[in-house]
Number of protein chains: 2
Amino acid sequence: MTPPKSIKRSAIPPASAAGRRLPDRRQGVTLADVARLAEVSEITVSRILRNHGPAAPATRDRVLAAVRKVGYVPNRLAGGLASSGSKLVGVIVPSLTNIVFPEVLGGIRAALDGSGFQAVIGVSDYDLAVEEQLVASLLAWRPEAMIITGFQHTAAARAMLDGSGVRIAEIMEIDSTPIDLAVGHSHWQAGFDTGQYLLGRGYRRFGYVGHDWVADHRARLRYDGLVAALADAGLTLLGSSRCPGASSTAAGRDQLANLLESHSTLDVVVFSNDDMATGGVFHCLAAGIVPRSDLALFGFNGLDIGQALPTPLSTMRSNRFETGRTAVEHLLRQRERPAAPAIIDTGYQILPGATA
Amino acid sequence: MTPPKSIKRSAIPPASAAGRRLPDRRQGVTLADVARLAEVSEITVSRILRNHGPAAPATRDRVLAAVRKVGYVPNRLAGGLASSGSKLVGVIVPSLTNIVFPEVLGGIRAALDGSGFQAVIGVSDYDLAVEEQLVASLLAWRPEAMIITGFQHTAAARAMLDGSGVRIAEIMEIDSTPIDLAVGHSHWQAGFDTGQYLLGRGYRRFGYVGHDWVADHRARLRYDGLVAALADAGLTLLGSSRCPGASSTAAGRDQLANLLESHSTLDVVVFSNDDMATGGVFHCLAAGIVPRSDLALFGFNGLDIGQALPTPLSTMRSNRFETGRTAVEHLLRQRERPAAPAIIDTGYQILPGATA
DNA sequence: CCCTGCAATGACAGCGCTAACATAGATCTC
DNA sequence: GAGATCTATGTTAGCGCTGTCATTGCAGGG
């Protein structure tokens with residue numbers, strides 16, 4: 001041990017723009033400090049900071065100056081508790097690495113912007129048990145609304161959501177009955193329409209390349225729709241290849257290679273989404289297969305990357321940003337749960353591209 | 001208006017696992033309700049739910065049963081206020097659509113897992129004014145640590161961070177002095193090493209394709225390092241093309257086309273990152289340019305997609321996941337700010353690939 | 001002038017929880 | 001078998017704010 005020669009502390013710089021002589025008791029400039037400095041009561045400071053109730057301009061200036069001087073940051077835990085209103089919206093998505101969900105969050109943030117509300121994000125990793133924990137954990141912050149992906153929840157999660165009394169939006173799909181509000185599009189129908197579109201373009205020998213259905217239930221719905229469309233035309237899938245785990249470009253590339261090994265006569269392959277389809281295009285490029293003329297490829301989502309490919313991907317655009325934005329708009333417009341659940345369809349559009 | 005024939009309510013199913021007869025006063029089952037039902041004091045319930053302090057098995061069971069029966073969800077606003085400890089870590093990233101940041105968040109979540117802490121995410125859109133607001137807004141929730149991207153902050157933001165007294169990690173770069181802790185790697189050095197590597201492989205006629213430097217200051221640092229390496233070898237960049245706005249595959253494709261129009265004799269092009277470089281590869285594929293033999297391409301980040309390309313991208317892998325994980329580990333390990341700021345280098349590795 | 005009406009401010013009582021300090025019994029120690 | 005030591009529980013007093021209900025001036029109306 002060195003002799004006790006005045007340890008050089010982190011040297012909280014007395015300047016740091018906020019001003020000198022912060023109240024000694026680290027960990028807490030409170031409303032009371034500001035009120036004392038401005039020589040008004042706490043409630044007056046509170047009202048001025050929230051623009052709530054009248055205030056004389058002189059008082060306002062004095063208070064704001066004091067706030068700046070001591071570097072006051074309101075304590076939302078206290079504020080939320082006192083007013084029983086957190087100004088929070090809980091959001092649960094299954095993933096952030098699938099670019100679709102950051103895009104949904106973009107829409108959510110856009111709609112929240114200026115409303116005074118803030119999103120708290122949870123990521124479930126496509127795991128319903130994790131999702132259940134997240135529901136409890138987010139609800140514990142007393143959000144004023146919740147946005148959650150899909151309809152698949154544990155019974156406990158559903159009970160908590162329902163029992164919370166706050167508005168709930170279930171987004172990204174509309175193929176079931178929501179607790180309160182659903183915003184998204186029909187994945188079954190999208191799959192069906194994909195099938196009809198490709199049949200209309202003359203394809204008859206269909207293959208499918210996909211990823212894990214247990215986690216990504218919506219990919220399964222699209223598959224079912226596709227198969228139904230083929231059945232209507234008296235056809236079936238001639239071959240399919242699915243990988244365990246999440247979708248990715250690498251997986252799409254590998255799975256297509258795998259599928260073609262045993263099914264060389266396909267004339268079109270439908271992928272579970274654009275990530276997989278992009279990988280499929282990569283395989284074609286590497287193997288000297290010319291997209292469309294040798295083999296047609298079709299994706300889902302309409303991601304930017306697919307459209308930047310040497311041959312733009314033929315796919316279906318889902319409106320992710322819109323979905324997030326619309327959900328928030330509806331949730332904030334009416335703060336009480338409506339009498340009956342509502343469903344909003346944000347639709348999808350075929351992007352013709354050049355691979356099918 | 002239809003006659004008032006008993007409106008069909010959303011029919012909160014009396015079952016929904018949580019059980020019948022929720023306390024009428026919607027909006028609030030409290031500890032007191034649970035305590036009353038279990039015939040113990042509130043503090044006992046509190047202790048049992050937090051696994052804090054002793055409890056008789058019988059009491060525990062009675063309490064947990066009561067919790068389940070009334071569907072109690074703790075109020076963290078109240079809990080945090082009472083204990084002055086929110087168990088929150090604030091995180092500010094510039095974007096979620098750039099896949100690098102979700103990967104950092106993955107590392108953060110992995111490290112937080114099991115610690116009882118929860119991340120609250122803010123997205124600044126590469127805008128320092130937005131970032132400043134986010135700092136204030138996240139600090140208002142009294143997080144026990146903050147993680148923020150980069151060193152560029154407004155004076156006010158820096159003052160708030162500094163004054164908050166909580167631990168602060170500035171991540172993704174280490175080329176400046178942090179407030180408290182920096183975790184990442186040197187972007188200048190990465191650029192420099194890129195230059196040296198490519199020089200070592202015999203390239204001499206360098207071009208550069210990039211995106212907005214004002215927003216993405218780290219891309220600029222890499223560029224500066226690259227130019228310095230070239231200067232050491234008595235060379236300069238022969239041409240460069242930058243687009244305004246964020247990096248994207250489409251932008252990379254367009255900018256490379258643009259650059260090659262006026263500089264057809266380049267033998268290597270360095271891109272600001274893998275997204276841009278992937279777009280460059282797409283341009284080559286579309287224009288019949290063979291990567292490496294006709295023109296070498298080099299990226300930055302080592303994204304999965306670059307490695308799934310028909311010709312895997314030559315690039316530098318940054319360790320994003322590690323960065324997030326390491327930041328959290330250090331922040332949680334020591335909860336007081338250290339005497340002097342620390343810097344942790346998570347490094348990078350060259351991925352040889354097949355395009356350079 | 002007294003009264004109404006409004007602007008500006010304050011006093012007070014919690015919001016729902018948890019530290020910190022009791023308080024009883026039960027168990028142990030020599 | 002008196003004290004020491006646990007274990008299991010309770011009592012009290014806030015955490016830092018905001019809703020609600022005063023209170024004080026002062027302009028205007030009759």
Side-chain angles (χ1 to χ4, degrees), chain A residues 23 25-64 66-67 70-88 116 139-144 164, chain B residues 23 25-64 66-67 70-88 116 139-144 164:
Chain A
R25 39 143 160 175
R26 208 81 286 257
Q27 199 67 303
V29 180
T30 72
L31 251 201
D33 298 318
V34 176
R36 207 172 305 122
L37 215 168
E39 302 184 280
V40 293
S41 68
E42 297 181 30
I43 190 70
T44 299
V45 177
S46 171
R47 279 198 278 244
I48 287 172
L49 290 180
R50 287 178 297 145
N51 280 313
H52 197 280
T59 312
R60 155 169 274 110
D61 293 346
R62 207 148 27 90
V63 166
L64 294 180
V67 165
V70 298
Y72 172 67
V73 177
N75 184 332
R76 294 253 248 151
L77 300 174
L81 180 59
S83 65
S84 37
S86 61
K87 288 285 184 183
L88 246 32
L139 244 22
W141 293 104
R142 296 295 185 267
E144 302 186 32
S164 71
Chain B
R25 39 140 159 178
R26 206 72 303 242
Q27 198 68 300
V29 180
T30 73
L31 251 200
D33 297 319
V34 176
R36 205 172 305 121
L37 215 167
E39 302 183 284
V40 292
S41 69
E42 298 182 29
I43 191 67
T44 298
V45 178
S46 171
R47 278 199 276 247
I48 287 171
L49 290 180
R50 286 176 301 144
N51 278 313
H52 196 283
T59 312
R60 155 170 275 108
D61 293 347
R62 204 145 32 87
V63 165
L64 294 180
V67 164
V70 299
Y72 172 67
V73 177
N75 183 333
R76 294 255 249 148
L77 299 175
L81 181 59
S83 65
S84 37
S86 61
K87 289 285 185 182
L88 246 30
L139 245 21
W141 293 103
R142 294 296 183 267
E144 303 187 30
S164 71

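Atoms considered below: every heavy atom in the structure, side chains included; atoms not considered: hydrogens, waters and symmetry mates. Throughout, protein chains are lettered first and strands after them, A, B, ... in sequence-line order, and every chain is numbered starting at 1.
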Considering non-hydrogen atoms only, spot the tightest contact between B:K87 and B:E144 and give its length. N-OE2, 2.6 Å
Is any side-chain heavy atom of A:R62 less than 4.5 Å from a side-chain heavy atom of A:V40? yes
Pairwise N/O distances under 3.5 Å, protein to nucleotides 6-9 of chain D:
from, atom 1, to, atom 2, distance (Å)
D:dT9, OP1, B:T59, OG1, 2.5
D:dT9, OP2, B:A56, N, 2.9
D:dT9, OP2, B:T59, OG1, 3.3

My understanding is that only one of B:I48, B:T44, B:L49 makes a side-chain contact (heavy atoms from CB on, under 4.5 Å) with B:R60; could you say which? B:I48
Between atom CG in A:L77 and atom C1' in D:dC17, what is the gap in whole Å? 10 Å
Taking all heavy atoms of B:A66 and all of B:A38, pick out the closest pair and write down the distance. CB-CB, 4.0 Å
Rounded to whole angstroms, how far apart are CZ on A:R76 and C1' on D:dC17? 13 Å
Can you measure B:L81 atom CG to D:dC15 atom C1' for me and round it to whole angstrom units? 4 Å
Would the distance check show the side chain of B:R142 and the main-chain N or O of A:L77 forming a donor-acceptor pair, the cut-off being under 3.5 Å? no
Minimum heavy-atom distance A:G28-A:D33, with the two atoms named: O-OD2, 3.7 Å
Take atom CG of A:D61 and atom P of C:dA8, then tell me their distance rounded to the nearest Å. 13 Å
Report the distance from atom CZ of A:R50 to atom P of D:dC17, rounded to the nearest whole Å. 11 Å
Just report the end-to-end axis angle for the helix from C:dC1-D:dG30 to C:dC30-D:dG1, five pairs per end, to 10 degrees. 30°
Of the options D:dC17, D:dG16, C:dC17, whose atoms approach the side-chain atoms of B:L31 most closely? C:dC17
Option passing side-chain contact (heavy atoms from CB on, under 4.5 Å) with A:V67 (candidates A:V29, A:V34, A:V73): A:V34
Quick one: closest heavy-atom pair of A:Y72 and A:T30, and the distance? CE1-C, 3.6 Å
In whole angstrom, what separates B:E39's CD from D:dG10's P? 11 Å
Round to the nearest Å and state the distance from A:K87 atom NZ to D:dT18 atom C1'. 14 Å
Would you say a side-chain N or O of B:S84 is under 4.0 Å from OP1 or OP2 of D:dC15? no
For the pair made of CG in B:N75 and C1' in C:dC15, what is the distance, rounded to whole Å? 8 Å
Heavy-atom donor-acceptor pair, B:S46 side chain to B:E42 backbone, under 3.5 Å: no
